[in-house]
Chemist: 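Encoded as structure tokens, here's the structure I'll be asking about.
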Amino acid sequence: MRKGSDKTDFFEQVFSVVCLIPFGRITTYGAIARYLGSPQSSRLVGWAMNVSHTYKEFVPAHRVVNRNGLLSGKHHFDTPITMQQLLENEGIEVEDDRIINFRKHFWDPGVELDRDF
DNA sequence: AATGTGACATACC
DNA sequence: TGGTATGCCACAT
């Protein structure tokens, strides 16, 4: 009985996962997309971040980066350095718009949330 | 209402 | 080995 609330089903799931990212951890668009069951919908995740500021809840979009660990969306924040500042504020080292030890800080929802795959 | 776009990722050549 | 092309779904204009 979807009562219209599921129109943003994908987005809400994305926001939910992003909100579940622990402090000081990061993830990738592809990881989220794969966790949602649509590994090829990674763009939607990025798009979701784009409209995250329109979402009623706060979404730590700064904890989501591309597969290369590059702060692809830094330019979309208030200032081009806001994203880096937020990450550094969480103890994540960022150099040249790239996350150092990206793999170490990587938080895979499909693994951490123990998906049944 | 329809078209284009988008903070990616993967596959193929 | 890198570059090109495509897929995906919802939002914005």
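Chain naming here is simple, since letters A, B, ... match the order of the sequence lines and numbering starts at 1 in each.
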Chemist: Between A:Asn66 (side chain) and A:Asn68 (backbone), is there a donor-acceptor pair under 3.5 Å?
Modeler: yes
Chemist: Which heavy atom of A:Phe10 sits nearest to which heavy atom of A:Ser41, and what is that distance?
Modeler: CZ-CB, 3.7 Å
Chemist: For A:Glu90 and A:His62, does a side-chain donor sit closer than 3.5 Å to a side-chain acceptor?
Modeler: yes
Chemist: Do A:Val14 and A:Met49 have side-chain heavy atoms sitting under 4.5 Å apart?
Modeler: yes
Chemist: Would you tabulate the nitrogen or oxygen pairs shorter than 3.5 Å linking the protein to nucleotides 7-9 of chain B?
Modeler:
from  : atom 1 : to      : atom 2 : distance (Å)
B:dA7 : OP1    : A:His76 : NE2    : 3.0
B:dA7 : O5'    : A:His76 : NE2    : 3.2
B:dA7 : N7     : A:Asn50 : N      : 3.3
B:dA7 : N6     : A:Met49 : O      : 2.6
B:dA7 : N3     : A:Tyr29 : OH     : 3.2
B:dC8 : O2     : A:Ser42 : OG     : 2.6
B:dA9 : OP1    : A:Arg67 : N      : 2.6
B:dA9 : OP2    : A:Arg67 : N      : 2.8
B:dA9 : O4'    : A:Ser42 : OG     : 3.0

Chemist: Tell me if a side-chain donor or acceptor on A:Arg63 pairs with a main-chain N or O of A:Val18 at a distance below 3.5 Å.
Modeler: no
Chemist: Over how many whole Å does the gap from A:Phe15 atom CZ to C:dC11 atom C1' extend?
Modeler: 11 Å
Chemist: In whole Å, I'd like the distance from the CZ atom of A:Phe10 to the C1' atom of B:dG6.
Modeler: 14 Å
